[in-house]
Amino acid sequence: MYHLKILQLVGIKEYKENHYLQIHVLLDQVETLYWKVDQETADILQAVTDFTKGYYYRLTFQTYMEKSIVTRTQLEESLNLEFTCSREYREQLAVLKQVESLVDMKQLDFISSELESEPEREKKQKVELPKSENPAPARRKRKPSWVLATALTIIFAIIFTYTGHSILTKALAQPEKVASEHELVEKETAPVKEKVEPKPETIILEENITIEEEPAIPFFKLADGTSHGIEEGKVALTFDDGPSQFTDEIIDILKESNAGGTFFLIGSNVNKFPENAAYIHQNGYSIGTHSMNHINFASSGVAAQQEELVQSINLIESIIGEEIKLFRPPFGKMNGTTEQVTNDLGQRIVLWNNDPRDWQSRDSKKIIQHIKSTEVSGSIILLHETEATLDALPEIIAYLQEQDLEIVTLR
Ligand SMILES: [Zn+2]
C-alpha cells in the first residue's frame with residue numbers, strides 16, 4: 001500500500017562539516033528527521049527560505065531538469081519557489097517518495113533521527129571516504145559564485161511562480177503519490193470496479209442461457225475544486241461522520257433501491273468501525289475523508305490541515321485499497337489555504353446545497369418533510385449516520401425516485 005507523505009522543511013543545519021535539512025515528516029505520524037544533503041543544495045535552499053518569519057515550507061517531490069520546488073505558505077498566500085538542486089538531492093527525493101513508513105525512512109543512509117547519532121549513522125553509508133582523506137568539505141567551505149547567481153534566479157522565480165500561474169508549476173502539479181503503486185491499486189480494485197461500472201444489461205451467452213447482471217449503481221463524476229451541487233435530474237445522498245453501527249444498514253437500503261450514496265468518514269471512527277468502512281467499499285459505494293478528528297479547518301493552520309487529511313486518507317486507503325479523492329471539511333468550514341492543501345493532495349472538496357439538519361432534529365418525519373419541501377433536483381443532500389436518518393431513508397429514496405431523479409454516487 002502506498003502512502004501520502006509531507007516533508008515540511010523546518011531548518012537547515014550544519015554539523016561536523018555536513019549539511020542537513022531538518023524536516024518534519026508526516027506519514028502515519030509526525031517525526032523530525034535530518035536529511036543529509038550536499039552543500040550546494042543546502043546553500044540554495046538557505047537562500048530561498050527564512051525560518052524567522054513564520055512561513056511554512058513544504059518540500060515537494062516535483063523535479064524538473066535540475067530544479068525542484070519548495071512551497072512556502074503563510075496565512076492565505078502560497079508560493080511555489082523553484083530552486084536548483086543537485087542530482088544527489090533529486091535521487092534522494094525519489095527514494096523518499098517511495099518509502100512507505102517512518103521506520104523504513106530511518107533506515108536510509110542519508111536520514112538520521114538526530115545529529116548526535118552521526119558516527120553511528122555514517123557506518124550505514126556504503127560509499128564514503130574516511131574523513132581525513134576527503135578534501136571536499138574544506139574546498140566546499142567557500143560558496144561558489146553560481147550559488148549567488150542561482151539565488152538571484154530564484155528571486156525572479158518567486159515573482160513568477162505564484163501558485164496556479166506558473167506553467168512549470170502546472171506541468172509539475174501532481175498529487176505526491178507513488179506512480180507504480182497507483183497501477184498496483186488499480187489492478188487490485190479492478191474486479192470491484194467491473195461489478196459497479198457496467199450499465200445494466202443482459203449478456204446472452206448461448207441462445208437459451210441468459211445471465212442477469214446486477215444493475216449498476218449510478219454515479220456522477222465531480223469536477224476538480226469545490227462542488228456544492230450536481231447536474232439537474234440527479235441527486236446525491238451523502239452521509240457524514242461514519243462509519244458507525246448504522247453504516248451497513250444504510251448501504252443495504254440504498255442497494256435494494258439501486259440508489260447511489262457517498263460516505264464521508266472520520267478517521268477516528270474508521271479506527272472504531274473498520275469493517276463498516278470496508279463494507280461501503282465492497283458494495284461499490286464511494287468514500288471520502290471527513291478529516292481525522294473532525295476539526296474546524298477554518299481555524300486551523302496549514303500543518304494541522306495537512307495532518308488531518310494525510311492521516312485520514314492513509315488510514316482509509318489502507319483499509320479499502322483504493323485512492324481517496326473526495327474531502328468534505330467538517331462543519332463545511334474552510335479557510336483560504338484549504339483549497340490549496342486539498343488540491344496538493346489530489347482531493348476534490350464536496351460541500352452541499354441541501355441540508356435537512358438531521359443531526360439536529362434526530363426526527364425522521366422532519367427529515368423527510370424537509371426533503372419533500374425543497375428543490376432536490378441537482379442537489380447534494382447532507383445527511384449523517386444516525387438512527388433517524390436510517391429510519392427516514394426508505395421514504396426519502398422512494399420520494400426522490402418518484403420525482404424521476406437518479407440517485408447517484410459521487411466520484
Ligand atoms: Zn461532520
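Order of appearance sets the numbers: ligands from 1, and atoms from 1 within every ligand.
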Test of ring centre spacing under 6.0 Å for Phe264 and Trp352 |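 No, the ring of Phe264 stays outside the 6.0 Å limit from the ring of Trp352, centre to centre.
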
Do Phe263 and Tyr279 have their ring centres less than 6.0 Å from each other?
->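 Not close enough - the centres of the two rings lie 6.0 Å or further apart.
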
Would you say Asp240 reaches the Zn ion (ligand 1) with an N/O/S atom under 2.8 Å?
->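 It does not; every qualifying atom lies at 2.8 Å or beyond.
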
Is the distance from the Zn ion (ligand 1) to some N, O or S atom of His294 under 2.8 Å?
->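 Checking the Zn ion (ligand 1) against His294, an N, O or S atom does fall under 2.8 Å.
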
Can Arg72 be said to sit on top of Tyr57's aromatic six-ring, NZ or CZ under 6.0 Å from centre and within 45° of the ring axis?
->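 Checked: cation-pi criterion not met.
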
Under 3.5 Å, is there a donor-acceptor pair linking the side chains of Glu232 and Ser377?
->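 There is such a pair (donor and acceptor under 3.5 Å, judged by atom type) between the side chains of Glu232 and Ser377.
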
Check all N, O or S atoms of Asp241 and name the one closest to the Zn ion (ligand 1).
->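 The nearest such atom is OD1.
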
